[in-house]
Structures are given as structure tokens and as C-alpha cells.
Amino acid sequence: MLKRIIGGATSVALLAAGLLVAAPTAASAQTITEAYCSGDSLVSKTLKSGSTWQTCWRIDSYRGLVLDKVAYQPRDDAAPILVLDSIALAQLNVPYDTGATEYNDVTTYQVGGRRLQELTDVDCPVGEIRTAWVDASRGEIPALCVGEEDSGIAYRSNIANDALYAAQGTDLVLHTMSRIGWYEYQVEYRLHDDGEITVRLGATGDLSPNDYVNVINRGWPIGDGDTDYAVNHYHSAFWRVDFGIDSGATQHVQKFTTTHTGEYGTTGDTGHTAILDTQITQLATETKTMGANREAYRVVNPDSLNADGHARSYEIIVPRDQAYNLNPETDYDIAFTSAKSDEIHASYNLIPSKAGQAVTDYISDGEALTDPVAWVNVGFHHINRDEDQSPMPIHWQGFTLYPRDFAAQAPNIPEGRKWVNGDMRGVPNPNIPQPTPTPSPTSPSPTPTATPTTAPTPDPTTSPTPDPTGEPSEEPTPDPTGEPSDEPTPDPTETGAPPAGGGDGGADEGSAAALPVTFGSGDVAPGATQTFTASGFTPGESVSAVMHSDPVNVGTFVADPSGTVDAQFIVPLDASPGQHRLVLTGQTSGVVAEGTFAVAQAAPAAVFGALATTGTDANRWALTGLLLLAGGAAMGALSWHMRRQTVKARA
Amino acid sequence: MTEPQIPPAVDPPPPGRRRWLTPRTLGIASAVSAGAAAVALVFATQVAVQATSTPPDAASSTPIAADSTDDDAPEKAEAPIEPPAQVAAVNDKLTSSEVEYVRYLGAQHPDFAAGRDVFGGEGMQFLSTDVAEPSAYDDGQRRLISLYYDYATDETVSMVVNVTTQTVESVQRAQGAQPAPTDAETAHAWQLLLESELAEPIVAEFAGLTGGSALTTQSAEIELTAHSFSADAGTFGAEQCGIQRCVQVLAQVDGGAFLTTSTFVVNLSTQSVLPIS
């Protein structure tokens with residue numbers, strides 16, 4: 001017994017020491033982004049859903065915030081995959097409708113450099129502020145806000161009736177603030193946990209104090225009655241998007257054109273259900289385009305295939321109705337050029353070898369497109385409002401880069417939906433229990449709950465889950481019909497007033513009287529699958545499952561016809577070892593069930609898996625510390641035990 | 001007292017156990033483990049903090065002169081400015097020390113001294129330093145690009161400096177590009193404007209806004225910004241701007257109002273003030 005304890009303590013201590021000694025070799029390989037920037041210039045963030053973004057950032061004097069080597073790692077992929085070589089503002093053209101004034105802010109004023117503003121707490125309520133050297137007189141200033149922000153519902157699916165699969169999403173958001181004259185601009189990149197990238201420019205500050213007219217149809221009266229016509233104007237924001245899909249040497253630009261065949265189908269209640277053909281054609285040479293209805297563009301790496309054998313790509317989604325088509329500098333939605341290091345600005349280019357040139361000049365030689373750069377122009381015609389007076393509410397313009405086949409399934413797919421790939425007709429849903437011949441209302445039916453081995457994508461960190469069907473017999477689930485009497489069934493019209501009549505001893509307990517949860521395994525490692533069962537819910541209701549003490553949503557499930565929830569979830573990789581409480585809440589009945597299970601010390605394989613994912617020294621040190629603590633505690637306990645034995649012997 | 005006293009002496013090792021395995025040694029080992037754990041956890045915290053926050057870098061916030069025409073500018077340094085102790089990664093953001101070094105090295109190039117600044121003095125007018133477009137190279141070396149304006153030839157000049165090899169790799173020049181003006185160019189344009197006979201309405205406007213103050217280049221109530229100005233087909237009065245270097249100054253008076261300067265352009269190449277419409 002003693003030997004075993006000592007052996008255990010020793011091996012824990014050795015493992016801790018080994019972790020440190022083996023640190024250099026255990027360190028994960030450098031990612032594509034890490035190869036190009038370091039320290040504070042690197043942003044690396046694993047979002048709550050498990051997907052990761054990495055990017056380099058810097059402040060360019062003219063263009064402001066530049067992101068380089070932007071890479072995305074879908075949750076179940078081994079490493080980040082490059083999406084963009086770089087993205088930045090390329091021009092901001094502001095012509096006033098009177099024709100008297102026009103600005104090109106990026107090249108003639110600067111968006112970075114002396115125009116970049118120091119961020120304050122009000123600019124950055126979520127995340128952290130990082131500094132950048134911006135100009136000689138100010139040196140380093142708080143320049144970038146980077147943080148994870150909630151983005152609302154990420155997905156919601158109830159198609160298979162085995163569970164409501166729903167989750168909230170988050171974005172990694174990077175933004176800066178620049179002041180150019182009376183306008184202030186927020187440049188924002190929103191990297192969604194599902195791989196989408198939203199690129200936006202927000203304009204606030206003040207309307208031009210110099211531009212008022214008495215020509216009624218070129219401005220808007222913002223003073224009393226018919227006075228003070230503030231001049232309407234355009235903001236055309238241009239971004240240079242240098243694609244680097246999976247670091248491809250060759251990438252193609254493809255155009256989707258959906259046209260009406262002229263035919264109509266025979267079904268449909270209007271008789272006007274058109275038959276549409278979508279054709280994909282390749283853009284061979286440089287060009288600029290003004291998008292027509294039902295046209296779309298994507299950049300695809302033909303040599304980078306996802307698990308389904310489909311080529312990875314990103315689609316460019318632009319608003320279609322606002323381009324300023326009255327000037328050859330701005331008369332396109334998207335232009336594609338072959339990447340050139342001296343073609344940086346969309347107009348009034350500052351690099352001497354292409355001095356003063358614009359995109360229209362870049363495309364004039366019609367080069368082949370093998371390393372495409374997209375110039376995305378988003379126009380916004382600002383017809384002023386009374387509300388736009390000081391301080392002007394921020395107004396936004398931007399576009400979206402949308403992953404297409406970057407992952408073979410939804411990048412944040414819940415475990416229970418991994419079996420769905422393609423036409424699922426005729427494929428048995430492994431999550432739906434087989435009908436049991438003798439259903440008994442008082443004990444959970446032995447259900448063939450799916451184990452992770454049925455998932456199409458094997459998860460290397462998943463440890464074998466004990467068969468949950470063996471568990472209920474060891475720990476009989478309390479009779480669900482006996483429980484509700486402890487807690488009155490919530491009345492939907494309840495106003496929160498104390499229950500009438502006596503017996504308020506139970507009312508004091510409030511919601512504390514929870515039903516039990518039975519777990520498939522008392523002890524699971526982070527990243528492994530835990531199964532659980534609880535009864536007493538309203539049949540068919542949605543039941544949310546939240547892991548405490550740090551609340552982590554692990555899923556939303558549906559109670560079966562007997563009011564039982566029998567489901568599974570993946571224990572988050574960052575779950576701390578020790579006891580965790582799972583709280584299930586019926587979303588209709590308000591019935592609460594809860595139980596505790598232990599998260600084990602991560603198995604070595606899982607540890608190294610986690611290290612490979614995060615690649616930070618902090619994890620290694622933290623793990624070493626925890627192991628040392630555990631070893632120390634074991635030895636301390638043993639010491640105490642031996643002393644006690646000695647005292648007992650003396651007494 | 002009937003409680004048995006526990007002798008403080010070390011117990012003899014119980015039979016069958018190794019001698020070192022006593023409660024005391026285990027206690028000590030436990031304490032050592034706890035101590036080591038504390039150290040490791042502190043390290044973990046520190047590493048995590050360092051990974052997410054700015055490393056203290058005193059050198060990077062050393063102020064340097066914004067304009068090459070300033071007396072303390074790196075372009076005018078008498079003693080050589082040393083390269084940065086640590087060369088940044090290809091796509092890293094700028095550091096003060098490398099900008100200072102790159103400006104100094106650029107000024108040693110013969111093309112620099114041959115040029116003229118906004119005051120007509122020797123040496124080109126420094127405009128900006130940034131990371132040179134990294135996709136142009138694949139050797140992992142750190143390069144910055146400085147832009148200058150040469151008032152002798154009315155050209156924008158770029159110098160790509162390889163920080164890794166400490167050399168100026170390329171110098172290119174062209175007419176027709178007009179990067180944003182510097183603080184010195186802005187201030188000089190403002191001075192030219194105020195000294196011109198066209199300034200009268202601006203002076204009067206300022207007096208009206210401030211209750212009679214005289215407008216001078218020293219007026220503390222004025223905040224200046226400026227943009228480079230290129231003529232287009234609709235501009236009358238400043239047709240050479242774009243080929244020559246012109247700026248338009250915005251002068252904001254304390255309190256928010258802007259003086260009416262949009263009807264003037266200052267041609268810095270010819271040191272003249274032009275009315276435009």
C-alpha cells in the first residue's frame with residue numbers, strides 16, 4: 001500500500017520533471033503565422049467553440065491596421081490553415097456631391113501614423129489593448145483592441161429530433177481608431193468562430209463643418225426648418241485582399257453565374273418557380289467587375305482538399321448597390337489583379353515604380369491570375385440626417401469573406417451531428433435509441449447510447465468511455481414520479497409570490513431541490529465524451545446543459561416521450577481537473593437536474609495534444625505546477641498518515 | 001493533564017521501512033514539491049502574461065524627431081546610429097529603434113544628400129517608414145521602406161533598407177505620387193499661407209471666432225492637419241499640383257470650428273499660395 005503511494009507520488013513528480021526537461025522536443029511545430037511574426041505582433045486565439053485564429057498585425061502609416069498571414073483552424077483540424085497573405089485598407093475616397101471637394105484619406109492624409117488614435121477603455125470594453133509604434137513624435141501608443149466578442153446564435157438544428165443542437169458563437173475582433181480631420185474611423189476585422197471574416201469600416205466624428213450648400217438637392221437641411229444643407233457625400237472604402245488559401249502557389253478566381261433557363265417548374269404554388277442553372281467559370285486574367293444579380297466570386301486553391309475531397313476556397317460577398325460608378329478610380333465592386341508588391345493602394349499608389357496608379361492601371365496589362373489579389377470597393381452614399389450631427393452615430397460599410405468548403409463539415413460541429421455527411425436518407429441516426437421491447441417508466445431503459453467511436457472523425461484525444469448502459473444498474477435512478485412532489489410543478493402564471501398556505505419549509509429550498517443526473521463515467525479527461533441521463537422533464541421539451549462552476553454550455557437536448565434526457569457532450573479541453581457540476585434545465589418546465597462528475601488530470605496523450613494545439617509555455621509550466629502540487633499533496637498526506645500511525649501506536 | 005505528551009524527538013524508523021522514509025522527510029519533500037509547484041505556477045502566470053501583454057521595452061519608446069529637418073533628426077546624427085539589438089521578424093510591427101536606424105542608414109545614401117527638403121536645404125524630406133511589403137521576399141529577412149520627397153526634382157523616393165543585412169537595397173524615384181505631408185511641411189505651408197496677401201479673410205475669421213485675437217503661426221488655439229493635394233480636371237488655379245508638391249491645410253480653432261482654408265492650396269515646390277475653385 002505504502003509502496004504504491006510512494007510510487008504514485010514519485011511518478012507524478014517524475015512526470016512533472018520530465019515535462020520540463022522534454023519541453024523543447026514536446027513543443028509543437030511552428031504554425032504558418034508564427035513563422036512570420038512574434039511576440040506582441042502575433043494574435044493567437046482559440047475561441048470558446050474550439051476553433052482558432054492566428055494573425056500578424058501591424059500599423060502602416062498610410063493604410064492603418066494591416067493583418068498578415070491570417071490563418072484559421074477549424075476545431076477538429078490539427079493546425080491553422082492559411083486564409084489570407086494580408087488584408088488592409090487600400091484607399092478611402094470621399095467625394096462631395098457638389099463636386100467641390102474630394103479626399104483620398106489613405107494616401108493623402110494617412111489612416112495610420114499620425115492619425116491613429118490612442119485607445120481608451122471606452123474603445124475596448126472586451127479584450128485587451130496592445131500598443132504600436134505609430135509615429136516619431138508619439139512613439140508607442142495603445143493602438144489595437146483585440147478580444148473575443150459574443151456573436152449571437154451560431155447554429156440551431158432540431159432536424160433529427162434526437163436533440164436540439166444549438167450554440168452561441170463568438171468572434172475574435174481586432175480594431176483600431178483613426179481621426180482624419182472631423183471624421184473618426186474604426187477599422188475592424190471580425191474573425192468568426194466558423195471561419196467567416198467580416199471586414200468593416202465605421203465612420204463617426206462629425207459632418208464636415210465646411211460643407212454646407214444652398215442647393216437643396218445636394219444636401220440635407222439639418223438646422224431649423226429649411227436651413228443649413230449639409231452636403232451629401234460618398235465614402236468609397238477599398239480593401240486589398242491578398243489571398244493565400246492553404247499557402248497555395250496557384251489559386252484560381254472563379255465566378256458563379258446563376259441564370260434563368262427560361263423554363264419554369266411544374267410544382268410550386270405560384271407557377272413561377274424558375275429553373276436556374278449555376279455555372280462556374282474561371283477568370284483567367286486581371287479584370288474589374290461590377291456585380292450583377294446572381295453573380296458571385298470565390299478564390300480557390302485547387303490543390304488543397306478538405307476531407308470530402310473538395311477544394312478549399314473563400315467567397316467574397318459584397319453589397320451590390322452602392323459602388324461609385326462615376327469615376328474610373330471607383331467604378332467596380334471587385335477587381336482581381338495578380339499580386340504585386342508595388343501595387344499597394346487602390347488609387348494614387350505611393351510606390352515609385354507604380355507612382356500615382358490605380359487599380360484600373362494595374363489590370364490594363366491583363367496578366368494571368370495565379371496569385372490573386374482582390375480589390376474590394378464598398379461604397380456608401382451618405383445622405384445626411386438630423387441625427388448625424390455631433391457626435392455623429394457610427395455608420396458602417398464592409399464586406400464578408402465566407403469560407404466555402406474550407407472544412408468538410410461545420411467547423412464547430414457538435415459531436416452528435418458528425419455522422420451527417422451528405423444525403424442522410426437511409427442512414428440510421430446513431431443518437432436515436434432503438435425502441436425497447438419492455439419500456440418501464442420507473443427505470444431508465446438500457447439505451448445503446450452512441451459512443452465516440454461511431455463518429456466519422458476519430459478524435460485522437462478521446463479516451464474510451466465506459467459503456468453507459470452498465471451504469472444505471474449500479475446506481476438506481478430515483479423514481480422520477482416520486483420527485484416532483486418535493487417541488488411543486490412550476491406554474492407558468494407564477495408571479496414569484498410565496499405559495500399560499502402552509503408548508504413553506506419546502507418553498508425556502510426554492511430551486512435547490514434538483515433532480516439527480518446519472519453519468520456514464522464518474523471520471524473523464526478533458527476532450528473526452530461524457531454521457532449522462534436525467535429524468536423528470538416534460539416530454540419533448542428542450543433541456544439546456546451547463547457545466548459549472550465556470551458556466552460552460554455543453555449543449556441543448558430534447559427530453560424523450562418519458563421526460564428523460566439521455567445525451568452526451570465533449571468535456572472542454574480547458575476544463576480544470578476536479579469536481580464539476582452539470583446542471584440541466586428544462587426550458588419549458590423549469591425543472592432542474594444536477595449532478596457532479598470528476599474531470600481527471602488530462603491523460604498524457606491529451607496533454608500533449610493540448611500542448612500541440614496551444615503551443616504555449618504557460619500550459620507546460622501550469623501543468624508542471626499542478627503535477628508537483630499533486631505529488632506534494634500525496635507525500636504530505638502520507639507524512640500525516642505515518643505520523644498518525646505513530647501517535648496511535650504510542651497512545 | 002492526562003493527555004500524553006508527544007515527544008518531539010525523531011521517531012526511529014519503523015521496521016520494514018527504508019530509513020529515509022520518515023514523516024519528516026516526507027513532510028520536507030511535500031513542502032519542497034509545494035514550493036516547486038508555486039514556482040512553476042508563478043512561471044506559468046508570468047509566461048502567460050508575457051505572451052499576452054507588451055514586453056517592457058524602454059528602448060522602443062525613445063522619442064525621435066518626426067521630421068528630417070529637425071535638428072535632432074536621425075538624418076542629422078553625427079555619431080552612427082547602431083542597428084537594433086534584435087532584428088524583428090518579417091511581419092512584426094515597427095519598433096522605434098529600427099525606424100531610427102533605417103532613417104539614419106537611408107541618410108547615408110548619396111541620393112539623400114543630393115536631394116532637397118521643404119526649406120530648400122540639403123537632404124531629402126523624410127516622409128515615412130513602414131514595413132516593406134513582405135510578400136515581395138521569401139528569405140525571412142526584415143525590410144523596411146522609407147518614403148522621401150525630393151524637392152530638387154519633385155519626385156517621391158523610396159528606399160528599401162534590409163535591417164538584417166544592414167544595407168540599402170533599392171532606391172526608386174518617380175513623379176506623380178504625393179504621400180501625406182509631414183508635420184514640418186504642414187507647419188511650413190501654414191506659415192506661407194499666413195504670410196501671403198491672400199490670408200486676410202482667414203485672419204478676420206479667426207478674430208471673429210476668438211474675440212479679436214491676431215492670427216499668427218504661434219497662435220496656440222490652432223490645431224493643424226493637412227493633406228497632399230493633386231489637381232483634377234475640375235480644379236482651377238492649381239494645375240501643377242500632383243506633379244509639384246501641394247498641400248491643403250485644415251486649421252481647427254479651439255472649440256471645434258475650422259477656418260475656411262479649403263479655397264487655398266499651398267504649393268510647397270514653388271513656395272506659393274494658390275487660390276482654387
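What you see is a predicted model; the values in this text were computed from it and never measured. Chain identifiers are assigned alphabetically (A, B, ...) following the order of the sequence lines, protein sequences preceding nucleic acid strands; residue numbering begins at 1 within each chain.
Using a 4.5 Å cut-off between heavy atoms, A:Leu350 contacts chain B through both its backbone and its side chain. Contacts of B:Thr260 with chain A are absent, with no heavy-atom separation under 4.5 Å from either backbone or side chain.
Between chain B and the residues A:Val106, A:Asp105, A:Thr108, the largest count of heavy-atom pairs under 4.5 Å involves A:Thr108. Of all the listed residues (A:Ala35, A:Ser208, A:Ala355), the one sharing the greatest number of non-hydrogen pairs under 4.5 Å with chain B is A:Ala355. Interface check for chain B: of the options A:Asn210, A:Asp60, A:Asn104, the most heavy-atom pairs under 4.5 Å are formed by A:Asp60. Comparing B:Thr261, B:Asp183, B:Val247 by how many heavy-atom pairs each has under 4.5 Å with chain A, the most go to B:Asp183.
Between B:Pro134 and A:Arg58, the closest side-chain pair of non-hydrogen atoms falls below 4.5 Å. Residues A:Trp133 and B:Thr95 fail the side-chain proximity criterion, which asks for heavy atoms closer than 4.5 Å. Between A:Asp242 and B:Ser135 there is a side-chain heavy-atom pair separated by less than 4.5 Å.
Taking the charged nitrogens against the carboxylate oxygens, B:Glu133 and A:Lys354 have no contact shorter than 4.0 Å, which rules out a salt bridge. Salt bridge status for A:Asp40 with B:Lys93: present, with a side-chain N to carboxylate O gap under 4.0 Å.
When the shell of 6.0 Å around CD of B:Gln86 is examined, it contains 12 or fewer heavy atoms from other residues, nucleotides or ligands. At most 12 heavy atoms of other shown residues, nucleotides or ligands fall within 6.0 angstrom of atom CG in B:Asp138.
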TODO: Give the intermediate values and the outcome of side-chain contact (heavy atoms from CB on, under 4.5 Å) for residues A:Ile351 and B:Thr156.
DONE: CA-CA 8 Å; A:Ile351 308 298; B:Thr156 293; over 6 Å; no
TODO: Step by step, work out the side chain to side chain donor-acceptor pair (under 3.5 Å) result for B:Ser128 and A:Tyr62.
DONE: CA-CA 9 Å; B:Ser128 61; A:Tyr62 301 94; 2.8 Å; yes
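The CG atom of B:Leu250 lies 5.0 Å from the CH2 atom of A:Trp182; values are rounded to the nearest 0.5 Å.
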